[in-house]
Amino acid sequence: MTSVPNRIVRYVGDIRRLPVTEPSAWLTAAERHELDFFAHEDRRRQWLAARWVAKRLVARSCDPAQLRRVEVLSRSPAGLGQAPLVRINGELSAYRVSLSHAGDATLVGLTTDAAAIGVDLAWDVPQDRQFSAAWFTEREQAWLAERPESASLLWGLKEAIFKSQGAGQPWNPRGVAIDSYCDHQVRCTLFGRPLSPLATWIRPAARGTATAVWQPPQHDSPAKVEQELSSCL
Ligand SMILES: CC(C)(COP(=O)(O)OP(=O)(O)OC[C@H]1O[C@@H](n2cnc3c(N)ncnc32)[C@H](O)[C@@H]1OP(=O)(O)O)[C@@H](O)C(=O)NCCC(=O)NCCS
């Protein structure tokens, strides 16, 4: 018997190598409508690649009919970006998904138990003082003064936290204040509200950092939490 891990983070370094097939066969009508929102070919390719990975992780199949049972939508009725909602056979599911795109890379995070997750691929984040002063808190600026190369890590954490824990606010990097972080945990304040510590997965990526944060389970011991954190291509 195989079991599905509670958390999956999948990094794909080159989406052009994914075996993505004809979209009309594996997208729902609502997904095709969302895809039509994007005119630019690169953005459409990113959107499709992340859907392909996310839907395959949920369906655990690459059969187009199985993929079409899973629907991943990420736009509000007003057309603004929002945390993706996952439906299976038209019903909202306990799966939570987070997506990030950068060039030809994609990062997909998934939880199977309704725990909020956020992922971000932070590439080419400026390391100069002007950028730091504009978007980072004083504590973060002090870290950056010592280690400018951690700009993509801090930026990625901010975006991943916002995607995981945001409640419909517009994105503002200063709205996410990182209080402390290490390899496996981040403490932060979101729009003035201190959050419980979040678990982290942080890896160097081609032009920056790949980051995932999620709500750690309340009751399970860490040893009981199954995780699949992987990179491919
Ligand atoms: C979150 C955000 C800053 C990420 O932008 P980015 O760094 O350029 O892009 P990334 O590739 O890392 O992430 C894009 C993905 O984030 C997800 N996303 C978008 N908005 C999100 C939000 N508010 N919360 C969680 N995830 C969000 C989407 O899945 C999107 O990918 P998709 O369009 O292919 O589905 C940007 O999408 C944003 O500003 N969103 C908020 C829009 C808004 O104001 N919404 C109001 C609430 S309805």
Side-chain angles (χ1 to χ4, degrees), residues 8-13 15 18 20 23 26-28 30-58 70-87 95-111 114-126 131 134-136 151-176 188 190-191 193 195 198 201-203 205-215:
I8 301 176
V9 179
R10 183 69 44 93
Y11 170 74
V12 178
I15 57 175
L18 288 172
V20 179
W26 55 274
L27 293 179
T28 66
E31 286 173 330
R32 291 199 299 274
H33 182 68
E34 245 185 37
L35 176 61
D36 286 345
F37 182 84
F38 300 106
H40 197 279
E41 201 45 48
D42 289 346
R43 182 63 173 96
R44 290 172 66 88
R45 203 152 42 87
Q46 291 177 331
W47 189 99
L48 279 168
R51 285 324 177 274
W52 172 259
V53 174
K55 283 160 68 100
R56 281 186 61 172
L57 289 174
V58 174
V70 179
E71 184 175 72
V72 180
L73 296 173
S74 65
R75 305 214 84 78
S76 72
L80 294 171
Q82 64 179 17
L85 292 174
V86 181
R87 290 187 176 79
Y95 287 86
R96 297 281 192 94
V97 159
S98 182
L99 311 173
S100 185
H101 323 282
D104 286 327
T106 196
L107 187 66
V108 175
L110 172 82
T111 67
I117 186 166
V119 302
D120 191 59
L121 270 177
W123 275 18
D124 301 334
V125 177
F131 185 82
W135 299 117
F136 290 94
S152 68
L153 161 58
L154 292 178
W155 186 269
L157 277 174
K158 278 174 182 279
E159 272 207 38
I161 291 164
F162 172 79
K163 288 181 184 177
S164 155
Q165 303 291 315
Q169 305 94 336
W171 165 237
N172 176 357
R174 274 191 166 265
V176 187
C188 60
L190 181 64
F191 298 110
R193 180 171 62 95
L195 302 181
L198 297 168
W201 173 93
I202 299 166
R203 294 288 181 280
R207 286 157 54 180
T209 307
T211 305
V213 307
W214 63 87
Q215 283 171 324

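First listed ligand is number 1; within each ligand, the first listed atom is number 1.
Using a 4.0 Å cut-off to heavy atoms of Asp120, the atoms of ligand 1 that qualify are 12 (O). Residue-ligand proximity, Leu80 to ligand 1, at heavy-atom distances under 4.0 Å covers atoms 45 (N), 46 (C). Ligand 1 places these atoms under 4.0 Å from at least one heavy atom of Phe162: 1 (C), 23 (N). Shown in contact with Trp171 at under 4.0 Å from a heavy atom are these atoms of ligand 1, numbered in order with element: 3 (C), 39 (O). Heavy-atom contacts of Pro84 reach the following atoms of ligand 1: 29 (O) (cutoff under 4.0 Å). Each of the atoms 46 (C), 47 (C) of ligand 1 lies under 4.0 Å from some heavy atom of Gly168.
Of the possible polar contacts, one joining the Glu31 side chain to the Val72 backbone as a donor-acceptor pair under 3.5 Å is found. Side-chain atoms of Gln215 come within 3.5 Å of backbone atoms of Ala116 as a donor-acceptor pair (strictly under, hydrogens ignored). Side chain of Arg174 to backbone of Ala134: a donor-acceptor contact under 3.5 angstrom is found.
The nearest pair of heavy atoms linking Ala50 to His101 is CB-CE1, 3.4 Å. The two residues Ser164 and Gly118 make their nearest non-hydrogen contact at CB-N, 3.4 Å. Closest approach of Leu157 to Val213, counting heavy atoms only: CD2-CG1, 3.9 Å. A pairwise comparison of heavy atoms in Val70 and Lys55 identifies O-NZ, 2.5 Å as the closest pair. Between Arg44 and Leu35 the shortest heavy-atom distance is NH1-O, 3.3 Å. Residue Trp123 comes nearest to Asp104 through the heavy atom pair CH2-N, 4.5 Å, listed as atom of the first residue, atom of the second, then distance.
With a 4.0 Å cut-off on non-hydrogen atoms, Ser74 touches ligand 1 through its side chain and not its backbone.
Using a 4.0 Å cutoff on heavy atoms, Gly166 does not count as a contact of ligand 1.
For ligand 1, none of its N or O atoms has an N or O atom of Gln169 under 3.5 Å away. Not a single N or O atom of Trp47, backbone or side chain, sits closer than 3.5 Å to an N or O atom of ligand 1. Polar contact check, Ser76 against ligand 1: no nitrogen or oxygen pair lies under 3.5 Å apart. The shortest N or O to N or O distance between Leu121 and ligand 1 is not below 3.5 Å. Between Ser100 and ligand 1, at least one N/O pair is under 3.5 Å apart.
Of all protein heavy atoms, the one closest to atom 40 (N) of ligand 1 is Gly81 O, 4.3 Å.
Of the protein's heavy atoms, none falls inside 4.0 Å of atom 9 (O) of ligand 1. Protein heavy atoms are found inside the 4.0 Å sphere centred on atom 29 (O) of ligand 1. Proximity of atom 36 (C) of ligand 1 to the protein is not indicated, since no non-hydrogen protein atom lies closer than 4.0 angstrom.
When the heavy-atom distances from atom 13 (O) of ligand 1 to Glu34, Glu159, Lys163 are ranked, the shortest goes to Lys163. The heavy atom nearest to atom 27 (C) of ligand 1, out of those in Arg51, Gln82, Arg43, is found in Gln82.
The aromatic ring centres of Trp155 and Phe131 sit less than 6.0 Å apart.
Geometrically, Arg203 does not engage Tyr11 in a cation-pi contact defined by less than 6.0 Å to the ring centre and at most 45° from the axis.
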